[in-house]
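Encoded as structure tokens, the structure appears first; notes follow it.
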Amino acid sequence: MQSTPPPKTFHVRSFGCQMNVYDGERMAELLIADGMAQADERANAELIVLNTCHIRERAVDRVYSDIGRIGKEFARKDGSAPMIAVAGCVAQAEGDEIMARAPTVGVVVGPQAYHRLPAMVAAAAAGRRGTDTDMPEIAKFAALPRRRRSGPTAFLTVQEGCDKFCTYCVVPYTRGAEISRPFKDLVDEAQLLVEAGAREITLLGQNVNAWTGQDEASRPVGLEGLAKSLAKLPELKRIRYTTSHPTDMTDALIAAHAEIPKLMPFLHLPVQSGSDRVLKAMNRSHTVHSYLALLDRFRVTCPDIAISGDFIVGFPGETEAEFEETLTLIDAVGYAQAFSFKYSPRPGTPAATMDGQIDPAVMDDRLQRLQAAVNRGQMAFNLASVGRTCEVLVERSGKLPGQWLGKSPWLQSVHFFGDAAIGEIVSVELVEAGANSMAGRLVA
Ligand code: SAH
Ligand code: SF4
Ligand code: F3S
């Protein structure tokens with residue numbers, strides 16, 4: 001690679017989960033602290049960071065096509081093109097292959113090493129392309145700049161990695177072993193986010209409810225203890241957390257929903273399948289019964305909790321009858337929302353080489369039927385909220401003059417008109433239900 005002047009402007013695009021969104025924000029902060037500026041649009045950036053996701057097949061294809069497109073479309077008159085840095089989980093899993101296949105990529109940096117991004121960009125500008133996919137324990141966070149920017153809602157990664165090894169999933173390989181960030185670091189970061197304008201913080205982790213630490217009084221606590229401490233920040237109005245694993249759920253966290261008013265009545269608890277045989281083959285370590293029993297315990301403590309989930313259709317060997325068990329589960333739970341995916345074989349995972357890989361046409365059909373069931377549940381949940389008056393955190397202005405968009409406590413998107421401002425919590429009566437949003441009326 002030839003040496004070029006170091007880039008002065010950048011653009012970060014994040015794919016995948018919310019933890020990647022968080023990482024993308026931290027990379028932007030790092031580059032700004034290093035003297036670079038955010039480009040007004042991607043086409044004008046001298047450095048483009050692709051913060052990638054490896055969870056499903058198409059995600060990887062998209063990275064390669066994006067790399068190709070950047071080279072073609074963003075080429076300058078003098079023939080030069082922006083420098084590309086590939087970060088995130090594809091970088092971790094396929095770093096060497098990317099370096100070999102894509103000569104326009106100057107930097108490949110994994111999710112645990114991105115604190116080194118500015119140094120690697122400088123080296124690439126000097127003609128030295130580089131890959132860093134090391135997984136030093138938590139060194140990254142200590143090396144990141146202080147947080148200074150936030151919208152009304154902010155993400156805060158509290159736990160990283162995964163030890164669960166579901167047989168279909170790449171996360172344990174791309175993100176490494178489960179680690180919890182220290183309590184004090186998290187309270188400090190939350191404080192800075194709140195000072196920068198955050199009114200809601202979503203605590204993030206691949207298994208966020210596995211977070212453990214020691215509180216101010218050196219007592220061992222779980223996520224409920226962290227939430228309790230964060231709730232003491234006066235300007236912080238709402239706390240959420242995602243994604244929880246059924247096996248890591250504790251009575252203390254369930255109880256916290258009754259004890260901490262700022263802890264929102266929303267639970268994202270992926271189940272993946274409604275068949276015990278498939279769950280076992282997935283190595284999920286819960287059964288349909290234990291999952292439903294857990295939801296029952298939640299509902300006793302927090303009767304209005306909204307439940308969200310993830311589903312995979314077409315796991316190897318899934319029969320029509322087993323798939324129908326998933327539909328039955330969806331109807332039984334009444335999800336407020338859910339994400340559903342066609343099974344995607346991931347290289348290196350046990351499920352990729354299992355017998356009984358499902359025909360794509362069958363997967364398409366199952367996905368459609370599953371999504372119809374989820375949509376029915378979501379619409380029923382939204383219809384049941386009509387007439388309720390609730391608090392809405394205003395996140396942005398709407399398309400129409402005087403219109404605002406925000407979220408209900410149950411994470412529904414709510415649009416309404418009237419006198420409000422971004423970052424305010426306002427009282428709104430939910431007057432009309434749509435499939436994906438609610439119309440509201442501002443209550444004086
Ligand atoms: N840690 C979380 C979520 C991890 S990834 C959990 O355990 O639930 C987010 C979702 O992607 C998963 O819940 C799963 O539904 C889906 N997913 C993961 N690997 C997949 C694969 N190989 N094919 C299709 N969907 C997958
Ligand atoms: Fe993947 Fe399972 Fe870990 Fe979730 S719990 S990240 S699905 S291995
Ligand atoms: Fe994707 Fe990595 Fe998140 S694979 S879902 S970006 S942890």
Side-chain angles (χ1 to χ4, degrees), residues 12-24 27 50-60 62-63 86-94 109-112 114 133 135 155 157 159-179 204-211 241-249 267-274 278-279 281-286 291 307-316 318 326 335 337-354 357-358 360 363 366-367 370-371 374:
V12 181
R13 176 171 290 175
S14 292
F15 304 87
C17 63
Q18 290 147 318
M19 300 184 69
N20 250 19
V21 175
Y22 174 88
D23 291 342
M27 283 186 243
L50 300 176
N51 188 23
T52 60
C53 171
H54 200 46
I55 204 87
R56 281 169 291 275
E57 194 70 57
R58 263 187 315 196
V60 185
R62 217 161 50 193
V63 176
V86 179
C89 292
V90 177
Q92 188 68 39
E94 298 192 12
V109 66
Q112 306 306 348
Y114 65 74
T133 48
M135 289 198 176
F155 289 141
T157 293
Q159 182 276 337
E160 283 205 282
C162 182
D163 298 339
K164 303 290 188 290
F165 291 93
C166 301
T167 53
Y168 50 81
C169 184
V170 291
V171 171
Y173 312 97
T174 61
R175 292 271 169 170
E178 283 181 18
I179 47 156
L204 299 180
Q206 291 301 346
N207 294 287
V208 72
N209 57 339
W211 182 88
Y241 58 95
T242 198
T243 294
S244 297
H245 193 288
T247 313
D248 292 322
M249 199 49 85
L267 176 68
H268 181 58
L269 194 67
V271 62
Q272 313 298 354
S273 168
V278 173
L279 287 174
M282 287 176 162
N283 193 30
R284 281 294 293 181
S285 71
H286 58 80
Y291 178 81
I307 309 292
S308 157
D310 288 348
F311 296 92
I312 296 176
V313 301
F315 185 81
E318 184 190 65
T326 305
Y335 286 94
Q337 53 170 263
F339 303 95
S340 44
F341 312 99
K342 286 186 273 189
Y343 167 71
S344 171
R346 311 309 294 126
T349 61
T353 49
M354 283 181 186
Q357 301 285 326
I358 305 289
M363 282 211 235
R366 287 183 188 168
L367 186 68
L370 189 140
Q371 285 178 343
V374 166

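Just so you know, ligand 1 is whichever comes first in the structure, and atom 1 is the first atom listed for that ligand.
- Listed by atom number, the atoms of ligand 1 under 4.0 Å from D310 heavy atoms are 9 (C), 10 (C), 12 (C), 13 (O), 15 (O).
- For ligand 1, the atoms lying closer than 4.0 Å to a non-hydrogen atom of Q272 are 8 (O), 12 (C), 13 (O), 14 (C), 15 (O).
- Excluding waters, the set of protein N/O/S atoms under 2.8 Å from atom 1 (Fe) of ligand 2 reads C169 SG.
- Ring planes of H286 and Y291: tilted class, angle from 30 to 60°.
- If you look at atom 2 (Fe) of ligand 3, the protein N, O or S atoms less than 2.8 Å from it are C89 SG.
- Of all atoms in ligand 1, numbered sequentially from 1 with element shown, those under 4.0 Å from a heavy atom of R284 are 7 (O).
- Proximity to R346 (heavy-atom distance under 4.0 Å) selects the following atoms of ligand 1: 22 (N).
- Side-chain polar atoms of Y241 and N209 form no donor-acceptor pair below 3.5 angstrom.
- Every atom of ligand 2 with a heavy atom of H245 under 4.0 Å away is listed here by number and element: 5 (S).
- Heavy atoms of F341 found under 4.0 angstrom from ligand 1 belong exclusively to the side chain.
- Annotation for ligand 2: atoms under 4.0 Å from non-hydrogen atoms of N207 are 5 (S).
- For the ligand labelled ligand 3, residue Q206 lies inside the 4.0 Å heavy-atom shell.
- When only non-hydrogen protein atoms are considered, atom 4 (Fe) of ligand 2 lies nearest to R284 NH1, 4.3 Å.
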